[in-house]
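Shown next, in structure tokens, is the structure this report addresses.
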Amino acid sequence: MPEGTAPPTRRALRALVTAGPTEEPIDEVRFIGNRSSGRMGVEIARALAERGVEVTLALGPARVEPPAETAQLRVARFRSAHDLEQLLRARLAEFDLVVMAAAVADYRPRATACGKLRRTDEAMTVELEPVPDLLASTRPLRKAGARVVGFALEPAERLERSALEKLERKDLWAIVANPLETMESPDISGMLFTREGRREPPAPRMPKGEFARWLAGEVLA
Ligand code: CTP
């Protein structure tokens, strides 16, 4: 390199990791939610930040403590699928890597009642509408060449078949398939599927932190 020429600076990779459940309001005090703890996504965000990636963690109303923010790891909060959709629409194009570990609702109340619904002796019906598939519907907003990793939570007997179908339908680089027992557990029995085939983690069942470090290595390879 000629003297006085600065070495080319390599910009750090930017990653968005989504984690946790969504809460879909019925009225101003009640919601429909799910049992996702948020732990897997938080661990993935940490593992990527440890490897020098600039991480934004989009964290829902999770039961785990949000990680402390650092220059390497920023936290943005969301509550409903609508909030997360807004965040994705505003910021998806910034990221070289997207890991969508959030357990986004598939249905939500069509309307949110004002205040608190009163109890009566009558049965009550809450009409639900489908939530758009955020991964698939924001496809055109992805940065060119971005690696997008989805999650598939499935009963063990159709884990692989469903994961491969979602990999295709959501146009992903890879998908982590994990059985329903992963929810609320400190461990995961996960498997990674890419277009090239299956990648096995070092152990069939691992603490989520260890699995996250293995996954970070795979997606950054
Ligand atoms: N996902 C999404 N938008 C939704 C629901 C899910 O972007 N409304 C994402 C999840 O974050 C995950 C992936 O899609 O990365 C798969 O989620 P999963 O719940 O397993 O699959 P669905 O597509 O919702 O299909 P189904 O519920 O029928 O299994």
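Side-chain atoms are counted along with the backbone in the values below, which use heavy atoms only and exclude waters and symmetry mates. Everything numeric here is computed off the predicted structure, so don't read it as measured data. Counting convention: from 1, in listed order, for ligands and their atoms alike.
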Among all protein heavy atoms, pick the one closest to atom 11 (O) of ligand 1 and tell me residue, atom and distance. Ala102 O, 2.7 Å
Are side-chain N/O atoms of Thr22 and Glu24 paired as donor and acceptor at under 3.5 Å? yes
Any link between Leu192 and Val99 through a network of hydrophobic side chains (Ile, Leu, Val, Met, Phe, Trp, Tyr) touching at under 4.5 Å? yes
Have a look at ligand 1 and work out which part of Ala81, if any, has a heavy atom under 4.0 Å from it: side chain, backbone, both or neither. neither
In terms of residue, atom name and distance, what is the protein heavy atom nearest to atom 27 (O) of ligand 1? Asp106 OD2, 2.9 Å
Heavy-atom nearest neighbour in the protein, as seen from atom 14 (O) of ligand 1, with distance rounded to 0.1 Å: Lys170 NZ, 2.8 Å
Below the 3.5 angstrom mark, is there an N/O of Ala103, backbone or side chain, next to an N/O of ligand 1? no
Atom 8 (N) of ligand 1 [closest protein heavy-atom partner, distance rounded to 0.1 Å]: Pro132 O, 3.0 Å
Taking only distance into account, with no hydrogens and no angle test, what donor-acceptor pairs under 3.5 Å do side-chain atoms of residues 29-42 form with protein atoms, sequence neighbours excluded?
from: Arg30; atom 1: NH1; to: Asp27; atom 2: OD2; distance (Å): 2.3
from: Arg30; atom 1: NH1; to: Leu117; atom 2: O; distance (Å): 3.4
from: Arg30; atom 1: NH2; to: Leu117; atom 2: O; distance (Å): 3.4
from: Asn34; atom 1: OD1; to: Ser36; atom 2: N; distance (Å): 3.0
from: Asn34; atom 1: ND2; to: Ala103; atom 2: O; distance (Å): 2.9
from: Arg35; atom 1: NE; to: Glu184; atom 2: OE1; distance (Å): 2.9
from: Arg35; atom 1: NH2; to: Glu184; atom 2: OE1; distance (Å): 2.8
from: Ser36; atom 1: OG; to: Gly38; atom 2: N; distance (Å): 3.4
from: Ser37; atom 1: OG; to: Arg39; atom 2: N; distance (Å): 3.1

Start with the C-alpha gap between Thr112 and Ile26, add the side-chain angles, then the distance that decides, and say whether side-chain contact (heavy atoms from CB on, under 4.5 Å) holds. CA-CA 5 Å; Thr112 304; Ile26 297 170; over 6 Å; no
Can you hop from Val55 to Leu220 via hydrophobic side chains spaced under 4.5 Å? yes
Applying ring-ring contact (aromatic ring centres under 6.0 Å, His included) to Phe211 and not counting sequence neighbours gives Trp214
Return the residue, atom name and 0.1 Å-rounded distance of the protein heavy atom closest to atom 18 (P) of ligand 1. Lys166 NZ, 3.5 Å
Would you mind telling me if ligand 1 is within reach of the side chain of Ala101, the backbone, both or neither, using heavy atoms under 4.0 Å? neither
In this structure, atom 17 (O) of ligand 1 is nearest to the protein heavy atom Phe151 O, 3.6 Å
State whether the shortest distance between N or O atoms of Met100 and N or O atoms of ligand 1 falls below 3.5 angstrom. yes
Residue, atom and distance of the protein heavy atom nearest atom 3 (N) of ligand 1 read Leu134 N, 2.9 Å
So, does Arg142 use its side chain to make a donor-acceptor pair with the main chain of Phe95 at under 3.5 Å? no
Leu135, portion touching ligand 1 at heavy-atom distance under 4.0 Å: both
Sole candidate of Arg11, Arg14, Arg147 that passes salt bridge (charged side-chain N to carboxylate O under 4.0 Å, His left out) when paired with Asp96: Arg11
